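Written below as structure tokens is the structure these notes are about.
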4 protein chains.
Amino acid sequence: MARKSANSRDEILDAAAECFMEMGIEAASISDIARRLGATKGRVYHHFASKGALLSDVRIHAIDTMSAALEEAIDFDLPPEQNFYNMAHRHVTALLKTLPYHKVDLQKSNLSGEKSTTPYERELLEQIRVKRTEYGEAFRKVIAQGIETGVFRKVQVSVTLHSVLVLLNAPVFWYQSRGEDPAAEQNRIADELATLALNALLARPDSATS
Amino acid sequence: MARKSANSRDEILDAAAECFMEMGIEAASISDIARRLGATKGRVYHHFASKGALLSDVRIHAIDTMSAALEEAIDFDLPPEQNFYNMAHRHVTALLKTLPYHKVDLQKSNLSGEKSTTPYERELLEQIRVKRTEYGEAFRKVIAQGIETGVFRKVQVSVTLHSVLVLLNAPVFWYQSRGEDPAAEQNRIADELATLALNALLARPDSATS
Amino acid sequence: MARKSANSRDEILDAAAECFMEMGIEAASISDIARRLGATKGRVYHHFASKGALLSDVRIHAIDTMSAALEEAIDFDLPPEQNFYNMAHRHVTALLKTLPYHKVDLQKSNLSGEKSTTPYERELLEQIRVKRTEYGEAFRKVIAQGIETGVFRKVQVSVTLHSVLVLLNAPVFWYQSRGEDPAAEQNRIADELATLALNALLARPDSATS
Amino acid sequence: MARKSANSRDEILDAAAECFMEMGIEAASISDIARRLGATKGRVYHHFASKGALLSDVRIHAIDTMSAALEEAIDFDLPPEQNFYNMAHRHVTALLKTLPYHKVDLQKSNLSGEKSTTPYERELLEQIRVKRTEYGEAFRKVIAQGIETGVFRKVQVSVTLHSVLVLLNAPVFWYQSRGEDPAAEQNRIADELATLALNALLARPDSATS
DNA sequence: GATGAATGAGTTTTCATTCAT
DNA sequence: CATGAATGAAAACTCATTCAT
């Protein structure tokens with residue numbers, strides 16, 4: 001019923017994410033996106049003010065999905081290493097489940113200065129910046145906690161935080177579903193990466209810190 | 001000497017790397033690159049057959065630089081954990097020293113399907129693929145060695161190899177030179193990341209690995 | 001010789017002025033202008049940064065032509081009424097000689113607020129504003145002089161200045177060359193309008209002005 | 001009353017006149033007009049068949065307003081110079097009272113050739129042409145009368161008529177309400193312009209015609 | 001009456017590339 | 001070697017208009 005229009009918008013978002021991912025953000029044209037929908041450019045522009053706005057909406061969707069997933073995994077009452085592992089694991093499975101969106105987000109997160117953007121587009125970009133920062137804060141908190149309790153090494157928090165997040169996003173660069181059971185495969189990868197990240201942080205009992 | 005033209009070519013390469021990095025590969029036009037050189041498009045086309053070729057040459061330069069640096073650090077007679085640390089450390093310092101080139105390379109390494117390219121350009125792309133794989137092989141070898149000798153955990157080599165390389169490339173996503181002594185800063189970051197990567201791989205004495 | 005490229009630019013300017021005049025500024029597309037030249041849109045954009053810049057250049061050309069003509073007619077050593085008549089007459093003949101440009105200028109001089117313009121385009125608009133004001137100043141001066149010497153009525157200078165200029169531009173709204181000798185026709189019209197404008201200003205001997 | 005719909009139609013007309021004036025006729029979109037009304041495009045299309053029809057209706061409204069006002073001022077029993085002054089004065093006050101409409105009318109009156117228009121739109125345009133001509137006839141008549149009685153100079157009627165009307169429309173090009181009492185301000189301007197126009201026509205007692 | 005979605009044709013603009021000089 | 005003009009194809013975006021509800 002009233003879902004029709006919501007669907008229309010979301011359909012476009014999906015098609016856009018896939019096109020951006022496959023062809024690259026700049027290389028994918030609005031026509032490409034429309035063609036994938038079996039629709040016209042006009043339809044896209046009826047729902048999104050510009051290509052930039054469409055891209056930003058794809059990215060916001062990506063981040064919101066991750067945030068919602070992470071929320072469910074977080075438990076600061078657990079020991080930091082447990083909590084961290086759970087968060088990292090959930091991060092990876094969420095990432096793999098809506099990969100196109102995250103490939104797009106990552107592709108763009110890199111680039112800083114845009115050409116002339118409208119105020120509206122600048123606002124969307126600011127929104128993205130804020131959401132990304134907030135997302136990182138949960139990880140920053142658990143890492144700080146782990147260092148405090150001595151279970152994590154005394155790392156430079158800033159460098160480490162950003163780098164660990166890049167590590168957990170790594171599948172964006174190489175994941176391609178193979179034939180096997182997707183759920184199992186995703187779980188295997190999530191475990192491997194979460195373990196990798198956790199070990200990177202853990203203090204080694206023999207060596208005093210360092 | 002025939003240095004004049006070599007310089008001219010390298011200047012273009014530098015300008016291209018910076019433009020591609022700052023504006024994004026597609027968004028940067030040949031005009032932008034020429035303008036940065038204080039020259040005209042004609043000069044660029046004298047040295048490079050097409051934008052695609054120029055881009056590939058930037059990427060090849062990026063990889064060659066890294067390979068040359070890594071070569072100097074590798075020593076398979078060292079214990080794997082020592083060798084790995086040295087390689088990782090060198091990877092990061094080399095990366096930071098010519099960051100624009102690597103930002104460009106990373107930006108593109110993601111994307112798979114290209115439009116119609118000329119045979120010449122396809123050959124350059126194949127060259128890049130080969131060089132990248134070769135580069136990774138050195139790391140694959142030291143990781144395999146470490147697992148064999150029991151000093152590294154029994155990880156899924158493929159997932160881990162790619163992910164560790166992404167981790168070591170992480171500065172591409174967040175590095176911005178701060179005021180401090182660049183050499184010192186780059187060394188500090190390289191140490192942090194190499195340690196992070198090494199710890200991620202090391203077997204833990206207490207736990208019977210994982 | 002080196003005139004070729006100057007010609008190319010001026011040819012475009014001419015074609016643009018004619019198209020803008022005949023079809024209206026917004027209705028005339030760059031394609032229309034290119035078609036009239038037997039050229040491509042690309043050629044137009046090679047010489048002018050945007051449609052707005054092209055339009056502004058047409059207008060600047062219009063004003064510069066008028067200014068150069070007026071310059072020759074001005075002589076502040078003459079009695080104000082003589083000087084005014086000469087200026088007005090010259091204004092009209094200059095106007096009629098390059099009518100397309102002035103129709104375009106008038107068409108736009110009306111509109112105030114533009115959408116988002118680039119800094120470069122804003123600069124051109126400012127240039128136009130300044131040139132137009134300067135042009136008017138010559139007339140303001142002779143009117144003020146005439147009032148001082150008592151040969152002109154004591155009018156509200158601002159209202160009168162602007163209105164008299166509109167009157168002298170009136171042919172823009174109705175002139176269509178008829179069969180007769182153009183030079184003679186233009187002279188006849190210029191005399192009629194200059195006389196009209198002069199009489200509008202002159203003090204009437206019998207009536208104590210008002 | 002059936003006033004509701006009349007109001008709705010007039011509201012649209014007002015909004016259209018303002019948009020056309022501020023942004024230019026072509027630049028103002030139906031969306032802009034609807035937005036100004038706080039309504040949707042659909043509402044506009046309910047009352048007006050097309051953008052061209054809406055524009056023509058604005059122009060017809062403009063002319064009808066002027067005609068109605070002029071009607072009240074005309075009195076051919078008065079001496080021509082008196083009658084002319086009254087008509088001119090009334091023209092200006094009527095103009096100032098509904099300026100947006102007249103700015104739109106003037107903006108378009110210039111342009112001759114239209115693209116392909118529907119028969120209905122062509123009919124509206126013809127209506128406008130007729131009404132404008134009729135409006136001018138009243139002035140043509142009083143001028144002819146004045147020349148006959150010798151109170152006006154022996155001008156070329158056609159050139160003079162059109163030019164005097166342009167002069168009386170001049171505020172369209174420069175009027176901007178200042179702080180002062182609007183009625184007084186408008187009266188002051190109307191007097192200045194009517195006097196200007198009248199003097200332009202009057203025979204000078206000393207000089208035998210010329 | 002009014003709305004919101006959708007269309008399709010057109011418009012401005014960009015840009016890699018070619019070529020004569 | 002290098003320039004500047006020119007091209008042609010494609011891209012982003014606009015908008016009057018139609019139509020189902």
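Remember, it's a predicted structure, so these values are computed and weren't measured experimentally. Proteins get letters first, then strands, A, B, ... in listed order; numbering begins at 1 in each.
Put simply, the side chain of B/K41 and the base of E/dT17 share a donor and an acceptor less than 3.5 Å apart.
Mapped onto DNA chain F by nearest heavy atom, A/K51 and C/G42 fall at different nucleotides, with C/G42 at the one closer to the 5' end. Projected onto DNA chain E by closest heavy-atom contact, C/I30 and D/H46 fall at different nucleotides, the more 5' of which corresponds to D/H46. When each of D/A28 and A/A28 is assigned the nucleotide of DNA chain F bearing its nearest heavy atom, the one mapping closer to the 5' terminus is A/A28. For the pair B/S31 and A/V44, nearest-nucleotide mapping onto DNA chain E gives the more 5' position to A/V44.
Rounded to an integer number of Å, the gap from CZ of D/F48 to C1' of F/dA16 is 16 Å. The separation between C/R43 atom CZ and E/dT17 atom P is 24 Å, rounded to whole Å. Going from atom CD1 of B/I12 over to atom P of F/dC1 covers 10 Å, rounded to whole Å. What separates CZ of D/R9 from P of E/dA2 is a distance of 13 Å, to the nearest Å. The interatomic distance linking B/L54 (CG) with E/dC15 (P) rounds to 15 Å, in whole Å. For the pair D/R35 CZ and F/dT14 P, the computed distance is 11 Å after rounding to whole Å. Regarding B/H47, its NE2 atom lies at a distance of 16 Å from the P atom of E/dT17, rounded to whole Å. Rounded to whole Å, atom P of F/dA11 lies 9 Å from atom CE of A/M23.
Sorted by first then second residue, the salt bridge (charged side-chain N to carboxylate O under 4.0 Å, His left out) pairs that include residues 37-51 of chain D, not counting sequence neighbours, are D/E11-D/R43.
Listed nucleotides: F/dC13, F/dT17, E/dA2. Nearest to the side chain of A/Y45: F/dC13. For B/T40, whose side chain is taken as the heavy atoms from C-beta onward, the closest listed nucleotide among E/dC15, F/dT3, F/dA16 is F/dT3. Residue D/S50 places its side chain closer to F/dT17 than to any other of F/dG4, F/dT17, E/dT11.
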Residues D/D57, D/R9; criterion side-chain contact (heavy atoms from CB on, under 4.5 Å); working and verdict: CA-CA 11 Å; D/D57 277 352; D/R9 204 173 178 281; 3.0 Å; yes
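For the strand DNA chain E, secondary-structure stems (runs of at least three Watson-Crick or G-U pairs, all distances below 3.5 Å) span E:2-21 with F:2-21.
C/V104 and C/F20 get closest at one heavy-atom pair: CG2-CB, 3.4 Å. C/A34 approaches C/T40 most closely through the heavy-atom pair CB-C, 3.6 Å.
Here the CZ atom belonging to B/R59 is positioned 7.0 Å from the CG atom belonging to B/L125, to the nearest 0.5 angstrom.
Contact check on B/E18 versus B/K103 returns no salt bridge, with no Lys/Arg side-chain nitrogen under 4.0 Å from an Asp/Glu carboxylate oxygen.
In this structure, D/Q107 contributes its side chain and D/I25 its backbone to a donor-acceptor pair below 3.5 Å.
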